Amino acid sequence: MVERKERFKGFNGSPVQILAKCPKCDAGLPVDGAETAATIRCGRCGHETPLTITDQVRGDLAVDRCPVCQGADFYTRKDFDPTIGLTVVIAGAATSAAFYWFGLDLVAYAILASAALIDLLVYSRLKDVTVCYRCHSEFRGRYRRGAAAFDLHAADVLEQEYERKIGRR
Ligand SMILES: [Zn+2]
Ligand SMILES: [Zn+2]
């Protein structure tokens, strides 16, 4: 639940969508970047997390500091929803199986191929999502991307630092 206060005025376009990760149970809590909420309450475990949303984040300009853990290290990845791609493949496979049954092999293969092609199109059109190395909160918006791709070593170091800080280790 988000405590609603006065909405931030002056941002251009749609606000940043933040998926804040509960430090206690890792549940994803959607937060509207334009909200000036001070705390979010986890719907799963009830843990209250203070949020500090910087003006850069709130204005959809850049993700400079994580509202949840105050970390400043992020990576960028494709905002891939595996369920979309899977649905296309299953639908394609089911249709092509029907054609195969009636001896129309070529049609069956064509459908399978186009299903794969649609997958590819879906993937290439996906937007980038910025992810916090420490607490895994996600950011979606039109801000300029400054974060590099995922780095395993950075993730190892920063996750451990964060988990020690919140007392998970
Ligand atoms: Zn929680
Ligand atoms: Zn974070």
Side-chain angles (χ1 to χ4, degrees), residues 1-88 90 119-169:
M1 273 291 145
V2 178
E3 272 178 39
R4 306 223 173 241
K5 287 184 187 167
E6 188 200 344
R7 282 180 80 91
F8 181 79
K9 290 172 188 76
F11 71 90
N12 37 17
S14 52
V16 176
Q17 293 304 313
I18 306 168
L19 191 69
K21 288 289 167 73
C22 172
K24 262 253 154 64
C25 71
D26 241 3
L29 313 167
V31 179
D32 187 336
E35 300 289 344
T36 47
T39 40
I40 44 165
R41 208 178 129 80
C42 175
R44 192 197 279 172
C45 72
H47 181 76
E48 294 213 352
T49 307
L51 288 186
T52 313
I53 305 177
T54 65
D55 287 346
Q56 295 278 307
V57 173
R58 186 166 292 148
D60 197 7
L61 299 170
V63 176
D64 56 347
R65 198 157 282 276
C66 175
V68 180
C69 71
Q70 309 309 312
D73 301 279
F74 304 93
Y75 63 89
T76 307
R77 66 164 172 80
K78 286 279 180 205
D79 195 3
F80 182 60
D81 181 356
T83 53
I84 299 172
L86 207 64
T87 315
V88 174
I90 290 171
D119 267 11
L120 213 69
L121 281 174
V122 167
Y123 188 75
S124 63
R125 284 188 56 196
L126 286 171
K127 288 182 185 147
D128 287 342
V129 56
T130 303
V131 187
C132 172
Y133 268 120
R134 290 180 174 82
C135 68
H136 306 145
S137 292
E138 295 169 8
F139 305 85
R140 291 171 178 85
R142 288 189 293 190
Y143 55 86
R144 62 183 156 78
R145 266 54 174 174
F150 182 73
D151 179 78
L152 189 62
H153 177 68
D156 266 0
V157 173
L158 296 170
E159 273 175 26
Q160 283 192 29
E161 179 207 292
Y162 178 62
E163 289 184 353
R164 226 173 281 133
K165 190 177 132 194
I166 61 172
R168 248 201 233 165
R169 288 192 180 196

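It should be emphasised that the depicted structure is a prediction, and the values quoted were computed from it without experimental measurement. One-based numbering, in listed order, for ligands and for the atoms of each. Values reported hereafter were calculated over all heavy atoms of this structure, with side chains retained and with hydrogens, waters and symmetry mates removed.
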Legend entry - Minimum side-chain heavy-atom gap Asp128-Lys78 below 4.5 Å: yes
Inset, instruction - Indicate the atoms forming the closest heavy-atom contact of Glu138 with Val131, along with that distance. - result: CG-CG2, 4.2 Å
Inset, instruction - Please list, chain by chain and in numerical order, all residues satisfying side-chain hydrogen bond (donor to acceptor under 3.5 Å, both in side chains) with Arg65, sequence neighbours excluded. - result: none
Inset, instruction - Using a 4.5 Å cut-off on heavy atoms from C-beta on, say whether the side chain of Tyr162 contacts that of Val68. - result: yes
Inset, instruction - Check Ala147 against Thr76 and note the closest heavy-atom contact, atom names and distance. - result: O-OG1, 2.9 Å
All N/O donor-acceptor pairs, side-chain side in residues 15-29, below 3.5 Å, sequence neighbours left out:
none

Inset, instruction - Side-chain contact test, heavy atoms from C-beta onward, threshold under 4.5 Å: evaluate it for Pro50 versus Thr39 and give yes or no. - result: yes
Inset, instruction - Give the minimum heavy-atom separation between Cys66 and Phe74, together with the two atoms involved. - result: N-CZ, 3.4 Å
Legend entry - Aromatic plane relationship, Phe150 with Tyr133 - under 30° parallel, 30 to 60° tilted, over 60° perpendicular: tilted
Inset, instruction - Mind checking how many protein N/O/S atoms fall short of 2.8 Å from the Zn ion (ligand 1)? - result: 4
Inset, instruction - Sort by chain and number the protein N/O/S atoms that are closer than 2.8 Å to the Zn ion (ligand 2), and list them. - result: Cys66 SG, Cys69 SG, Cys132 SG, Cys135 SG
